[in-house]
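The chains referred to below are lettered A, B, ... by the order of the sequence lines, with proteins before strands, and numbering in each begins at 1.
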Number of protein chains: 2
Amino acid sequence: MARGTLNAAAVVDAAAELCDDCGLSQLTLARLANELGIKPPSLHKHIECLGTLHRELALRGLREANRRMTRAAIGRSGDDALLAVARAYREFASEHPGLYAASLRAPEAKDAEWTRAAAEVVGIAVAVLEAYGLTGNDALHATRAVRAIIHGFVSLEAAGGFGSTLKLEESLDHLVLTFAHGLRADGVSAAAKAARLRKRNS
Amino acid sequence: MARGTLNAAAVVDAAAELCDDCGLSQLTLARLANELGIKPPSLHKHIECLGTLHRELALRGLREANRRMTRAAIGRSGDDALLAVARAYREFASEHPGLYAASLRAPEAKDAEWTRAAAEVVGIAVAVLEAYGLTGNDALHATRAVRAIIHGFVSLEAAGGFGSTLKLEESLDHLVLTFAHGLRADGVSAAAKAARLRKRNS
DNA sequence: CCTTTTGGCTAATGGTATTAGCCAAGCCGC
DNA sequence: GCGGCTTGGCTAATACCATTAGCCAAAAGG
């Protein structure tokens, strides 16, 4: 390796590419070094340790997801926006499985930058849900719901959990819109009522 | 270790306990051996390798989830059943985070036993959804949706992804019932229509 | 009671991350 | 242009990890 052609950003670039190709669990410092044409210990001149590299990848994944979802939401509202955001997220996970996997790790509480990047992704869902006129706790519940729906779908897909041949995009569209329909059709208050009922039963 | 007191089941027992306590990623053969009072290589007299141990844990997790969900569904139908199954699954993941994490790994295609155990968990959701009168592709989409919803919620919770203080059980109830409401209120056909519309636009 | 099987063990191999410490290339001030 | 400092490679070494080979004694069974 010619001296000086490498820096921290380039290392993370290579790591991102590698984990997209081979899976995050296969991303090892030895492989990464080999890919870059240097010896493993030399990596520590650019990154602190494997943990910080994973953090960098998580940040990068969150920012890329944020970028795509924000862009998808522009100029849309309601179901249209919800659908576009969900699709953008799914597309990101599909195109960058390694980065996506890295982005799933929960940020460490004391890491403000990481926490903020994760919160911003949630913020997009919150913003889109404003169109449904939800307020207070209902909005928070619905936000969690949207996160869970999209994350659950995408990560099951990534794990190969959906066996059959039915188009995955269609499934996600169905899911998001059915949920949105439930929200619009006074679903939240109905759900709250049912939850109370259930709680009394148990 | 006294000779004869140990067998494969006992090893998996200890592994399950260990990974519930310390996280699946912290489950190492060295730790496990230490816990059992033997040396690491001796483990290979009972288990083939770390991979097969993970498979055993996955099977155990799937069966326990299956058991709890089946039990929860007994004597219920409709929203009631859906809610009970979702809660049972969430409770399992919450009480056995390590086993739950192990159960998430996609079964290897040629492993019939593992594949079947995973399919049975899905089967419960399918059975519960029959009450909503869905047929054909709609039923399949809805099945995927329920899996995604429950899995997404539970795994985000396990990863600490939900920051705020709002009761998690309530959020899951909201989510499940809002989706169910969407299903009941002719949500599927509406969603399909919207999806076609969106497809034309893009 | 002797033989076979079993389930521990130690030793060794090759993988991992990481630290310490060396050394030369390149940059910066003079 | 030259000398010193910083930088970014390197090798060597440490401490883990899983896994295999091969040993040996305890238990089991004829």
Side-chain angles (χ1 to χ4, degrees), chain A residues 1-61 98-99 101-102 104-106 108 111 114, chain B residues 1-61 98-99 101-102 105 108 111 114:
Chain A
M1 197 68 196
R3 243 185 116 90
T5 65
L6 206 56
N7 55 30
V11 169
V12 180
D13 283 346
E17 198 174 331
L18 205 53
C19 74
D20 275 345
D21 287 347
C22 316
L24 184 59
S25 67
Q26 296 301 307
L27 172 65
T28 157
L29 292 188
R31 279 181 89 149
L32 180 55
N34 185 57
E35 198 70 23
L36 292 166
I38 61 175
K39 303 289 173 181
S42 305
L43 282 173
H44 294 278
K45 300 284 178 173
H46 303 288
I47 56 161
E48 202 178 313
C49 66
L50 187 61
T52 65
L53 179 61
H54 281 150
R55 175 189 178 275
E56 281 327 298
L57 291 173
L59 271 178
R60 191 173 283 220
L99 225 47
L104 291 185
R105 289 250 315 265
E108 281 163 35
D111 188 327
W114 192 357
Chain B
M1 197 69 197
R3 236 185 122 90
T5 66
L6 206 57
N7 56 32
V11 169
V12 180
D13 284 345
E17 198 175 331
L18 204 54
C19 75
D20 275 345
D21 287 348
C22 318
L24 184 61
S25 67
Q26 297 301 309
L27 173 65
T28 153
L29 292 188
R31 280 182 87 150
L32 180 56
N34 185 58
E35 197 72 22
L36 291 167
I38 61 176
K39 302 289 173 182
S42 305
L43 282 173
H44 294 279
K45 299 284 179 173
H46 303 288
I47 57 161
E48 202 177 315
C49 66
L50 187 62
T52 64
L53 179 62
H54 281 151
R55 176 190 177 275
E56 282 326 299
L57 291 173
L59 271 177
R60 193 175 281 222
L99 225 46
R105 290 249 317 265
E108 281 163 34
D111 188 327
W114 192 356

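In this entry the distance linking CG of A:Leu32 with P of D:dG9 reads 12 Å, nearest Å. Rounded to a whole Å, the CG atom of B:Asn7 is 14 Å from the P atom of D:dA28.
A:Thr28 OG1 to A:Leu18 CG: the interatomic distance, rounded to the nearest 0.5 Å, is 9.0 Å. Distance check: B:Leu99 CG to B:Leu24 CG gives 9.0 Å after rounding to the nearest 0.5 Å. Here the straight-line distance linking atom CG of B:Leu53 with atom NE2 of B:His46 works out to 12.5 Å at 0.5 Å rounding. Taken from CG in A:Leu29 to CG in A:Leu43, the straight-line distance is 5.5 Å, to the nearest 0.5 Å.
The salt bridge (Lys or Arg N to Asp or Glu O under 4.0 Å) analysis of residues 43-59 of chain A, with sequence neighbours excluded, yields the pairs A:Arg55-A:Asp111, A:Arg55-A:Glu113.
At a non-hydrogen distance threshold of 4.0 Å, A:Thr28, A:Leu29, A:Ala30 from residues 20-30 of chain A come into contact with DNA chain C. Contacts of residues 39-56 of chain A with DNA chain C (heavy atom under 4.0 Å): A:Pro41, A:His44, A:Cys49, A:Leu50.
At a threshold of 4.5 Å between non-hydrogen side-chain atoms, the residues B:Gln26 and B:Asp21 do not count as touching.
A salt bridge links B:Asp13 to B:Arg60: at least one charged side-chain nitrogen sits closer than 4.0 Å to a carboxylate oxygen.
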Given the rule in the side-chain contact (heavy atoms from CB on, under 4.5 Å) test, do A:Val11 and A:Asn7 qualify, once you have shown the distances and angles that lead to the verdict? CA-CA 6 Å; A:Val11 169; A:Asn7 55 30; over 6 Å; no

